[in-house]
Chemist: 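Just dropping this structure here.
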There are 2 protein chains.
Amino acid sequence: MSRSRTTDKSPIPSVWTREQRRTDQPALSRDAIVREAIAMLDAEGIEALSMRKLGARLNAGATSLYRHVATKDELMELAVDEVAAEIHVPPAGGPDWRAAVTEAAGSFRTTALRHPWLTLVLGQAGLAYLGPNYMSFSERLAALFTAAGFPEPSRAIDAVFSYVIGMSTTEAAWLTTVARSGETESEFVARLLPAAQQASAGYDHLAAAGPETSAQAADPAQLRDDKFAYGLEVVLDGLALRLPK
Amino acid sequence: MSRSRTTDKSPIPSVWTREQRRTDQPALSRDAIVREAIAMLDAEGIEALSMRKLGARLNAGATSLYRHVATKDELMELAVDEVAAEIHVPPAGGPDWRAAVTEAAGSFRTTALRHPWLTLVLGQAGLAYLGPNYMSFSERLAALFTAAGFPEPSRAIDAVFSYVIGMSTTEAAWLTTVARSGETESEFVARLLPAAQQASAGYDHLAAAGPETSAQAADPAQLRDDKFAYGLEVVLDGLALRLPK
DNA sequence: TCCTCTGTGCGTACAGTGTTCGCATCGAGG
DNA sequence: CCTCGATGCGAACACTGTACGCACAGAGGA
């Protein structure tokens, strides 16, 4: 479709027949590239993103992107930091630190589930290089936990957010699997139920402990919300014991 | 090296000059393939594993592997399950459930750090398909938590192991970065320290809360052990509150 | 008006990937 | 001895990320 402009096979190359540079179309820029990459990642998953496809969506050649981004890995880091801006952390010093931390944890989770590739990249890059948005996220967390009175705020943060990251990673992977099936979560669960029960047939405690009853399978998203909230309360209870009083 | 046998350029192809099938060498089998894949993953990291390289290490062509393994993804699932057998879970019903859970959690962590690609694959596949070793790991956990007296063992397990997975993922990513640098962890930390301090310059609480002091950088592995143990105690304290008494 | 310089787009090419297909060969069973 | 199913594998396909060098646009100076 419509190669951009110059090297066209038009019979008489002329300044007049030549298309203008499309200044109305958002120019190829680092920001535009990152934005479009995020859109692609959200819509089609992490393994569907290739430099060629991304270039095509921006009406550009694949290699043009390298003028604005050193490498695909760097692009992924930029995408992660862009998305980190969506995480909301309440201001420090409020009256209820538990509510504030719950809000921050929940915001991280919903962001991670909105962009299921996030946790994958985090697990790969390991926060080696920190973008400004991620830094300020960490800073606001540190402020929050310090104001709450924790003597070792970084340890408390690590405890809470290791839990949050672990749960979000598992949930994101699950949602990705569901999305690939093309069904809704409820449909997928319903179809999976017999197989799951059969798989845990020989395992007494698994079968007894598992929440795989068709009654509870009605609203899987609610179930996940509850599970997340439960574990978070556990961690916060444990932390509260360490708050000097 | 030494292509296996038949289509050789030896002058006179003959049954006698032809190499015997190396029956002493472990034949190409599903188990041998999985074992060698794990060795490669451990030694060179997840992105260094390709079917061609793996075939070469087994003195086989790349496509031969597909006789024993449907796809590379399936091979990764097999590798994950193989490694899951290394996780130790104490028998249920012991006198000290906290010690038992601590043991299981620590065993998961050391396994994840011994095979830093584990958490990556877990985050990708999302435990969609469960191998026998992973199943029996889950079963033993369920037995442990049920015997400990938790009314909702699966929720307790999720709480603890979300934390364990989250922390292990972060640590594994960090260790991978360190390994790529070719330095020891201490050297890497020492070299990174000024950059880290400069990065958190404008962030008051981060700078105050960060453990980036050269004194503590002496033994980073010990620091990580402590951090993991601290968070685990937090979670277990929170869980203990929920134990009917 | 021309001439240079810098920044940008991109066609081509390279080395590598996972996987399919069909052929060659093997060991075992009738 | 002959057949048959299982196994190994070379060639090929459709991709991938990225290096390189050319073509061109616009800006600034002469």
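A note on names: the letters A, B, ... follow the listed sequences, proteins ahead of strands, and every chain is numbered from 1.
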Chemist: What is the separation between atom CD on B:E74 and atom C1' on C:dG18, rounded to the nearest whole Å?
Modeler: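 Computing the B:E74:CD to C:dG18:C1' distance gives 14 Å.
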Chemist: Name the pairs: protein N/O against N/O of nucleotides 15-18 of chain D, kept only if under 3.5 Å.
Modeler:
residue, atom, partner, partner atom, Å
D:dT16, OP1, A:S50, OG, 3.1
D:dG17, OP1, A:K72, NZ, 2.8
D:dG17, OP2, A:M51, N, 2.9
D:dG17, N7, A:R52, NH2, 2.5
D:dG17, O6, A:R52, NH2, 2.7
D:dT18, OP1, A:T71, OG1, 2.3
D:dT18, OP2, A:Y66, OH, 2.7
D:dT18, OP2, A:T71, OG1, 3.4
D:dT18, OP2, A:K72, N, 2.8
D:dT18, O5', A:Y66, OH, 3.4

Chemist: Does A:Q222 have more than 12 heavy atoms from other residues, nucleotides or ligands lying within 6.0 Å of its CD?
Modeler: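 Yes - once you tally the heavy atoms of other residues, nucleotides and ligands closer than 6.0 Å, there are more than 12.
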Chemist: If I take atom CZ in residue B:R30 and atom C1' in nucleotide D:dT7, what distance separates them, rounded to the nearest angstrom?
Modeler: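 Distance check: B:R30 CZ to D:dT7 C1' gives 15 Å.
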Chemist: Between atom CD in A:E47 and atom C1' in C:dG18, what is the gap in whole Å?
Modeler: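 After rounding, the reported distance stands at 13 Å.
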Chemist: Indicate whether any N or O donor in one side chain lies under 3.5 Å from an N or O acceptor in the other, for B:T110 and B:R114.
Modeler: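 On atom types as modelled, these side chains do not qualify, holding no pair under 3.5 Å.
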Chemist: Please state whether the rings of A:F137 and A:F108 are parallel, tilted or perpendicular, taking 30° and 60° as the class boundaries.
Modeler: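 The rings of A:F137 and A:F108 sit tilted, inter-plane angle from 30° to 60°.
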Chemist: B:R67 CZ to C:dT25 P: how many Å, rounded?
Modeler: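 Those two atoms, CZ and P, are 15 Å apart.
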Chemist: Distance check needed: C:dC10 C1' versus A:L58 CG, whole Å only.
Modeler: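 From A:L58 CG to C:dC10 C1': 14 Å.
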Chemist: May I ask you to verify if any side-chain N or O of A:S64 is less than 4.0 angstrom from the OP1 or OP2 atom of C:dT8?
Modeler: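 Answer is no, no contact under 4.0 Å.
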Chemist: Compare side-chain N and O positions of A:H68 against OP1 and OP2 of C:dG9 and report whether any pair is under 4.0 Å apart.
Modeler: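 For C:dG9, OP1 or OP2 has a side-chain N or O of A:H68 closer than 4.0 Å.
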Chemist: Who are the side-chain hydrogen bond (donor to acceptor under 3.5 Å, both in side chains) partners of A:E82, not counting sequence neighbours?
Modeler: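 Testing A:E82 for side-chain hydrogen bond (donor to acceptor under 3.5 Å, both in side chains), a comparison that skips the adjacent residues, returns none.
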Chemist: With sequence neighbours excluded, what pairs up with A:Y66 under the ring pair (Phe, Tyr, Trp, His ring centres under 6.0 Å) test?
Modeler: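 Residues passing ring pair (Phe, Tyr, Trp, His ring centres under 6.0 Å) with A:Y66: none at all.
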Chemist: Between A:R180 and A:E44, is there a side-chain N and carboxylate O pair less than 4.0 Å apart?
Modeler: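 Salt bridge flag = no for A:E44 with A:R180.
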